[in-house]
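First comes the structure, then the notes that go with it.
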Amino acid sequence: MRLFHSFLLRAALCVAAPVLAVGCACHGEDDPQDSGETDTDTDTDTDADTDTDADTDADADTDTDADTDTDADTDTDADTDTDTDTDVNLAPVPVIDVPTTGARFDEGVQIDVSGHADDPEEGALPGSALSWSSSLDGPLGSGTSLGWTNASLGTHDLVLTATDSQGLSALTSVQVEVVAVGVNQAPVVTVSSPTDASGFVVGDAVTLDGSAVDPEDGALSGADLAWTSDRDGGLGTGVPVQTSALSAGVHVLTLTATDSGGLSGSDSVTVTVNPPNNQAPSVQIDAPADGSTVVGGTSVSLEGQGSDPEDGALTGASLAWRSSVDGDLGTGSPLVTSALTVGGHTLTLVGTDSGGASATDSIALTVLAPNTAPTATITAPASGGNSDAGVSIDLVGTGNDAEDGALTGASLRWASDLDGVLGTGSPLATASLSAGLHTLTLTATDGGGLTGSDQIAWTVNSLPANLPPVAVLTGPVRTVTDAVVALDGSSSYDPDGNVVSSVFAFDDGTPDQTGSNVTHSWGTAGTYTVTLTVTDDGGLTDSDSLTVVVEDPVEVPSVVIDDALPLGDFCDIALDAAGEPHIIFRETDHGRLLYAERSSGAWVVQRVDGPGFQIGSSVGVMPGQVVIGPDGVVHVAYTYGSEPYIGPDFQPRYARLDGSTWTLEGVGSSTDGFPYTPVAIDLDPANGDRPVVAWTEDRSYDSIGLAFRDGPSSWTTTYSSENSSYREFGGGLAFASDGTAWLSQGSSTKAFRTWSASAGFSTLTWAAWAEYSTYVSRLALDDDERPVMLHPDGLAYWPASGLTNDEVIPGDGTFFDLDVGPGNVVWVLTRRGDQAEILSAALGSFFLPTYEGPMDAAWPGVAVGDDGLLRACFFRDGNLVYYGP
């Protein structure tokens, strides 16, 4: 038996020419249009007619392309070529690579199956065009390979169905057996000699050889192997067996092996034994192809040919067909039959010449059980609808089969006549349909490989031209070397889609960074162009740029006041909307509170409070604080009372500079304040930017006082409910945009705590705590409006993940301040010995020093502008100095 004959049944359309054309030419789908034909009419042309077909007349004249006949006859037939080329879609050719027919598997073992299919028009088909099914288990899945698990016991017809993009399907199958573990299995037999379709002459010695292997017994031999001929009966046992007694005719030689459990298996070949002195003919089966699979009841055309050296071509009764299952089928070629029994057949064509010599050819054909094709129904979307390109649509449909029931998963395949296979299952969401009118097809495939389909029309509208995105870059235009600055591209947008990529380039040779917000530092002074490039979901881009001037850090702070009298208990600094500094500070000898602002490059100093207003009293020695409102109004908080500083009437105070006028107001009662703890102020954005002041309440040190200004010289005051002693205000107060106030608290019992307060300050609640050795702590909020605290032992911050204390700031534990700039860059000014040290770092990374110089033992102040640059005030040799741009 031949292992495989590949073949293609090409379909051609042949249209007869009318009247005079008695023949036609049939063309395959790739043939060009007819270029010539022969007319067999015998009339005489008498007119000067013009033939429009490129034909050659067999009468006395000869037509050339678009020629004019000059003979005297008259054409009365007005013949016209009507043959046209029609491209006929040819079915794909599926092939099962694994497993092979006859394979056996134990129950529960995964069966690996693989195959492929080639289409005459499309070439190799993708896995999505291949579907697998079993005659016992129904649909198995799709793809070039899959693992078949939990196969049912019994003999399966494993079917591979290939469907091209036009919906034309073809199938192939193999037969495999799944057996229970421990159950005796029949041996597997192979005839190795003679080969299938061999020919002999009467009296020739024929060697019968083969093998048999049993899963339980191993190799079988001797009497377990029996040879028979369907013409001559038993031929012997064992291997090999030689015989010269085969009679003339066609023999089916069978080797049957029987194992110790009584199960048998067999293999057969067909040979021809011819009379002497006559050359045997040759035969060939042309169709169907070896290994083909058909469904029971399907008409099968058996086609073949024979040729004999003496007789020539064999026809009619000289060509006889037989089936290993159904016996004689008939004679001649072609022979059409639809009566083949379900199962595996060996079809043999026997050619016999007039002298009685014969030859054979055989193929394998599998006939599957009769099967009704399934029906497919598309339920959504409705035919005739439309959608825009890129918009996802849900393809919903059903498949039903008389034998298998409802079909699902890989048994339902969607395809477009424009885009090919779209996927399997229902529903199937797709947004990839190209613009145009589609015929969408749902194909349902049942367990026997038969298909049914349904179609709808669907239009995909082209979208208008994609609009480019708009890049928007913001950030500081000035900074210093090695300072980390924040660059913001989050305001970029796409007018008709989404920004999918943001890339920053820094003009300094460093790698680009991606993201909508980044931080960067330049190591060398100069002018740099930062470029932000954004890309939208349609692939279009836009760029924005920012020129950044990078300067070397300030090496020597500028002197604000050079006074013969010593200055310096504390200072604080705030920045206005233009980034200009405003400083408050205490003058030591007279206990005055002074205010300095820079005008046209020069510092202008004013007295806020102190002797001259109330002789014999003094501003408190611990830090006060200054803030600038959005309207430019300066707000100051400090303490003021009678000397010495331990009196019971040390009151928190508020000062306000509106234009050129200072307004001074008392906060709380005259017994509320305590001169040795700081006082702080901030503006409440949730309540009209009203000023809020915090301090330590009187000499019991057991609560924090809070007051908000509700009118000129009108303050509402409340106190924390902390009952334990020595819980002092640490000096840190900052408002989040939602009106939550964050406070720091110092303690002689080494407790450092943060608080949050409601907008009305009716209650104060714990937010977080950790133990530090501190009375004073400073506080600022990061970009996420979470608190960052500086205290003598280090830095603590409280991100959403929880309180963190992992930064240690070098210093002697006194005289420090901090602020947090854009990009969560923390700036710190601390005193180490008798030296001021300025450090910076992105939150959570290592701090690096940027300045060191002499500093007096007094409290400094720091503020970071929107440009990411630090401004600071501190004291040196009794003078107030300013550090910054």
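For clarity, every value in this text was computed on a predicted model and none was experimentally measured. Scope of the values below: all heavy atoms of this structure, side chains included, with no hydrogens, waters or symmetry mates.
- Residue pairs satisfying the disulfide (SG to SG under 2.5 Å) criterion with at least one member in residues 463-522, sequence neighbours excluded, are absent.
- Considering every non-hydrogen atom in both N517 and S490, the closest pair reads ND2-CB, 3.8 Å.
- For the pair I838 and L870, the minimum side-chain heavy-atom distance is below 4.5 Å.
- Side-chain contact between V477 and V548 is absent, with no heavy-atom pair separated by less than 4.5 Å.
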Exercise for the section: Report the C-alpha separation of D508 and T524 in whole Å, then their side-chain angles, then the decisive distance to 0.1 Å, and conclude whether the side chain to side chain contact (heavy atoms under 4.5 Å, CB included) test is met. Expected result: CA-CA 9 Å; D508 61 353; T524 304; over 6 Å; no
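- Side chains of E785 and S737: a donor-acceptor N/O pair is present below 3.5 angstrom, by distance only.
- F735 and W742 have their aromatic ring centers separated by at least 6.0 angstrom.
- Closest of all the heavy-atom pairs between D782 and V820 is CA-CG1, 3.9 Å.
- A donor-acceptor pair is defined here as one N or O able to donate and one able to accept, closer than 3.5 Å; such a pair exists between the side chain of D419 and the backbone of S434.
- Side-chain rings of W603 and Y882 approach one another, their centers coming within less than 6.0 Å.
- At a threshold of 4.5 Å between non-hydrogen side-chain atoms, the residues C873 and L880 count as touching.
- Atom CG of D866 is separated from atom CG of L575 by 8.5 Å, given to the nearest 0.5 angstrom.
- Remark: the backbone N or O of V530 is not paired with any side-chain donor or acceptor of D507 at under 3.5 angstrom.
- Contact record, V692 with L706: CG1-CD2, 4.3 Å, taken as the closest heavy-atom pair.
- Partner of L473 under the side chain to side chain contact (heavy atoms under 4.5 Å, CB included) criterion, out of T533, L532, T531: L532 alone.
- Although no hydrogens or angles enter the test, the distance criterion places no donor-acceptor pair under 3.5 Å between the side chain of R876 and the main chain of G878.
- Ring pair F506/Y528: centre-to-centre distance not below 6.0 Å.
- Remark: the H635 side chain and the D682 side chain contain no N/O donor-acceptor pair separated by less than 3.5 Å.
- A heavy-atom distance below 4.5 Å is found between the side chains of Y654 and I681.
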Problem - Steps toward side chain to side chain contact (heavy atoms under 4.5 Å, CB included) verdict (V634, V626) - result: CA-CA 7 Å; V634 179; V626 58; 3.7 Å; yes
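- To the nearest 0.5 Å, atom CD1 of residue I628 and atom CD1 of residue I573 are 10.0 Å apart.
- Judged by distance alone, with hydrogens and angles left aside, the side-chain atoms of D576 form a donor-acceptor pair with the main-chain N or O of G579 at under 3.5 Å.
- Between the side chain of D388 and the backbone N or O of N461 there is no donor-acceptor pair closer than 3.5 Å.
- Shown here are the ring pair (Phe, Tyr, Trp, His ring centres under 6.0 Å) partners of H438, two or more places apart in sequence or in another chain: there are none.
- Using a cut-off of 4.0 Å between Lys/Arg side-chain N and Asp/Glu carboxylate O, D609 and R653 are scored as salt-bridged.
- At least one side-chain heavy atom of R656 sits less than 4.5 Å from a side-chain heavy atom of V633.
- Between the side chain of E837 and the backbone N or O of L829, no donor-acceptor pair lies under 3.5 Å.
- Remark: R586 CZ to W859 CH2 distance equals 15.0 Å, nearest 0.5 Å.
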Practice task
May I have the step-by-step check of side chain to side chain donor-acceptor pair (under 3.5 Å) for N498 and D536, ending in yes or no?
Solution key: CA-CA 5 Å; N498 298 297; D536 68 10; over 6 Å; no
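- For the pair D817 and L790, the minimum side-chain heavy-atom distance is 4.5 Å or more.
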Exercise for the section: Could you check F874 against Y883 for ring-ring contact (aromatic ring centres under 6.0 Å, His included), going step by step and ending with a plain yes or no? Expected result: CA-CA 8 Å; F874 59 94; Y883 176 96; 7.5 Å; no
Exercise for the section: Might you work through the ring-ring contact (aromatic ring centres under 6.0 Å, His included) test for W662 and Y595, ending with a clear yes or no? Expected result: CA-CA 11 Å; W662 282 100; Y595 164 77; 5.4 Å; yes
Problem - Check against side chain to side chain contact (heavy atoms under 4.5 Å, CB included), Q606 and E597 - result: CA-CA 9 Å; Q606 303 178 42; E597 65 175 321; 4.0 Å; yes
Exercise for the section: Output, in order, the C-alpha distance, side-chain angles, deciding distance and verdict of side chain to side chain contact (heavy atoms under 4.5 Å, CB included) for C571 and F875. Expected result: CA-CA 8 Å; C571 69; F875 299 93; 3.9 Å; yes
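- The line from CG of L395 to OG of S416 is 10.0 Å long, rounded to the nearest 0.5 Å.
- Taking OG1 of T479 as the start and NE2 of H520 as the end, the distance is 10.0 Å to the nearest 0.5 Å.
- With a 4.5 Å cut-off on side-chain heavy atoms, L779 and L743 do not count as touching.
- With hydrogens and angles ignored, the 3.5 Å screen pairs no side-chain donor or acceptor of D684 with any backbone N or O of R690.
- Counting all heavy atoms, side chain and backbone alike, G538 lies closest to N466 at CA-ND2, 3.4 Å.
- Counting all heavy atoms, side chain and backbone alike, I584 lies closest to G624 at CD1-C, 4.0 Å.
- The salt bridge (Lys or Arg N to Asp or Glu O under 4.0 Å) pairs that include a residue from residues 482-497 number zero, where partners must be two or more places apart or lie in different chains.
- Side-chain atoms of D542 come within 3.5 Å of backbone N or O of A471 as a donor-acceptor pair.
- Interatomic distance, CZ of F815 versus CZ of F570, reported as 13.0 Å (0.5 Å rounding).
- Across V608 and A655, no two heavy atoms sit closer than the pair CG1-CB, 3.6 Å.
- Counting heavy atoms from C-beta outward, E580 and R598 have side chains that approach closer than 4.5 Å.
- For the side chain to side chain contact (heavy atoms under 4.5 Å, CB included) with R778, the qualifying choice from P678, P623, S744 is P623, the only one to do so.
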